[in-house]
Amino acid sequence: MSEDWSGDGPAALSNSAGEVFQLFRAGIVRTRRELIQYSGLARSTVTGRVDALIEAGLLREAGENLSTGGRPPKILVPNLEAKTILAADLGATHGRIAVLDGAGTIIVETALESRIQSGPAAVLARLVRQWQKLLRRSGRELSSLCGIGLGLPGPVDAETGRLVQPPIMPGWHDHPIREYLGRHFDVPAFVENDANLMALGESQLVHPTLPSLLLVKVATGIGAGLILDGRIYSGAAGGAGDIGHVKVPAAAGLRCSCGAEGCLAAVSSGAALVRQLAAAGRAVSTSRDVVQLVQQGDPEAVALTRRAGQILGEVIATAVSLFNPSALILGGDLSLTDDHFLSGLREVLYQRTQPLAIRHLLVSTSKLGDEAGIAGAAALVRQEVFSAAAVDRALSRSPG
């Protein structure tokens, strides 16, 4: 069933083309005849709605169904593969960008250095150039583009799509990112926190049957994404999951990148581990350098990484007790530390939660790895631009 279909049967169906499209996406109906029987809509209404969806390139005919008498009915399927999505997942130092079809299949992608601290003008200009290059490589026409999804490592206002005082992103506060991308590509652009998109990607592609999921990303910073019934839970203003700046006793007196003291990120993030290991004489500058040391068995790196996981576990135990998710997923660079970070987190989590909260809890590292953010960005675009309301708006603007 489509993630966008929330109707309760024929009684919940209006006569809009967008609602009709959701029935085909969900596989509830496959032909015009089945649509008439299921919905109770008049034949003329069904003809008009289906023709409009075909004209817009959202439906296509795909063979004939078995006939029970008379001319065999044409099978209709969503034509999402003909649409194109641009997606990007940018971290503090590195990221990935991709061109996907409307069904979420990656056509072409590449890694890039994001250097997010260089500011929005430089980063976004480079991002646009890279997407344009990828579009040419993909062979997709610009006219097939239907939406853009972008993940960034900071809190995003759910209503405006703008970053709000991001601690590790100087110059990005309230920058009109959606508007900038919309001007360059003339399609809707959606901006989200990177951990939220990673969580959505894991939920949609790896755990689609689970009703809830909590993903914690630990890289340069720390953030979390919450998924309820297949959708991002952003909270009242977009601040849900911003756990990196929760105060913890282990960070007392330590200055965080946000300017405050005592934040979780000051002791458990990749940046914190870089600082601690550099002080111990190790040549490290990024969270991936930390991962490399752990994978090489460096005893100091292993011990500090495990301790960082334990401290994070103190905060996650509270989140699990409050939220009671079906799955807890660890993502970001520190998920690659040969289970040392996760085992520390799991140890404290199990000590500090009641059995009921963790009875059915799946605890795992991300299965998608670096692809999680791209998958989530594309999923967000699909949820938005192929929703019933968005389809109806698009059709109302078309000349036909």
- Item | Glu113/Arg126 under side-chain contact (heavy atoms from CB on, under 4.5 Å): CA gap, chis, key distance, verdict | CA-CA 10 Å; Glu113 291 186 358; Arg126 185 180 181 211; 4.2 Å; yes

- Can you tell if the side chain of Gln295 reaches within under 4.5 Å of the side chain of Leu336, non-hydrogen atoms only? yes

- Of the non-hydrogen atoms in Leu395 and Ala56, which two are nearest, and what is the gap between them? CD2-CB, 3.6 Å

- Task: Flag the pair His175 / Leu124 as yes when at least one side-chain heavy-atom distance between them is below 4.5 Å, and no otherwise.
- Result: yes

- Message: Show, in sequence, the C-alpha distance, side-chain angles and deciding distance for Glu202 and Ser366, and conclude whether the side chain to side chain donor-acceptor pair (under 3.5 Å) test is met.
- Response: CA-CA 7 Å; Glu202 289 283 333; Ser366 167; 2.3 Å; yes

- Message: Which residue in the set Val187, Leu86, Ile85 passes side-chain contact (heavy atoms from CB on, under 4.5 Å) when paired with Cys146?
- Response: Ile85

- Message: Test side-chain contact (heavy atoms from CB on, under 4.5 Å) on Ile316 and Ile243; report intermediate values, then the result.
- Response: CA-CA 9 Å; Ile316 296 304; Ile243 64 170; 3.8 Å; yes

- Is the closest side-chain heavy-atom distance between Asp339 and Arg346 below 4.5 Å? yes

- Message: Tell me the closest heavy-atom pair linking Ser138 and Ile107, and the distance in Å.
- Response: CB-CG2, 3.8 Å

- Take Arg115 and Thr93 through the side-chain contact (heavy atoms from CB on, under 4.5 Å) test and state the conclusion after the steps. CA-CA 5 Å; Arg115 301 298 175 190; Thr93 60; 4.0 Å; yes

- Item | Gln296 atom CD: more than 12 heavy-atom contacts under 6.0 Å | yes

- Quick check: does any side chain N or O of Ser268 sit under 3.5 Å from a backbone N or O of Ala265, one acting as donor and the other as acceptor? no

- Residues Asp289, Ser285; criterion side chain to side chain donor-acceptor pair (under 3.5 Å); working and verdict: CA-CA 6 Å; Asp289 294 336; Ser285 59; 3.0 Å; yes

- Message: Quick check: do Asn79 and Leu58 have side-chain heavy atoms less than 4.5 Å from each other?
- Response: no

- Message: Side chains of His184 and Leu181, heavy atoms from C-beta outward: is any pair under 4.5 Å?
- Response: no

- Side-chain contact, heavy-atom cut-off 4.5 Å: Thr365 with Phe341? no

- Side chains of Leu142 and Asp186: does their closest heavy-atom pair fall under 4.5 Å? no

- Message: If we check side-chain contact (heavy atoms from CB on, under 4.5 Å) with Ile227, which of these qualifies: Ile232, Leu214, Leu215?
- Response: Ile232

- Item | More than 12 heavy atoms from other groups under 6.0 Å of CD on Gln351 | yes

- Message: So that I can tick it off, tell me whether Arg162 and Asp157 are bridged by a salt bridge, with the cut-off set at under 4.0 angstrom between side-chain N and carboxylate O.
- Response: no

- What one should report as the nearest heavy-atom pair of Ala378 and Ala87 is N-CB, 4.4 Å

- Residue pair Pro166 / Leu152, side-chain heavy-atom distance below 4.5 Å: no

- On a heavy-atom basis, the closest approach of Leu264 and Ile311 is CD1-CG2, 3.9 Å

- Item | Over all atoms of both residues, closest heavy-atom pair of Ala189 and Arg178 | O-CD, 3.2 Å

- Task: Check whether any side-chain N or O of Arg288 sits under 3.5 Å from a backbone N or O of Thr286 as a donor-acceptor pair, and report yes or no.
- Result: no

- Glu347 and Arg306 ion-paired at < 4.0 Å: yes

- Item | Rounded distance (nearest 0.5 Å) linking atom CD of Gln276 with atom OG1 of Thr305 | 8.5 Å

- Drop me the distance from Gln22's CD to Ser387's OG, to the nearest 0.5 angstrom. 6.5 Å

- Residues Ile374 and Ala98: closest non-hydrogen pair is CG2-CB, 3.9 Å

- Query: For atom OH of Tyr350, is the number of surrounding heavy atoms from other residues, nucleotides or ligands below 6.0 Å larger than 12?
  - Reply: yes

- Could you tell me whether Lys247 atom NZ has more than 12 heavy atoms of other residues or ligands within 6.0 Å of it? yes

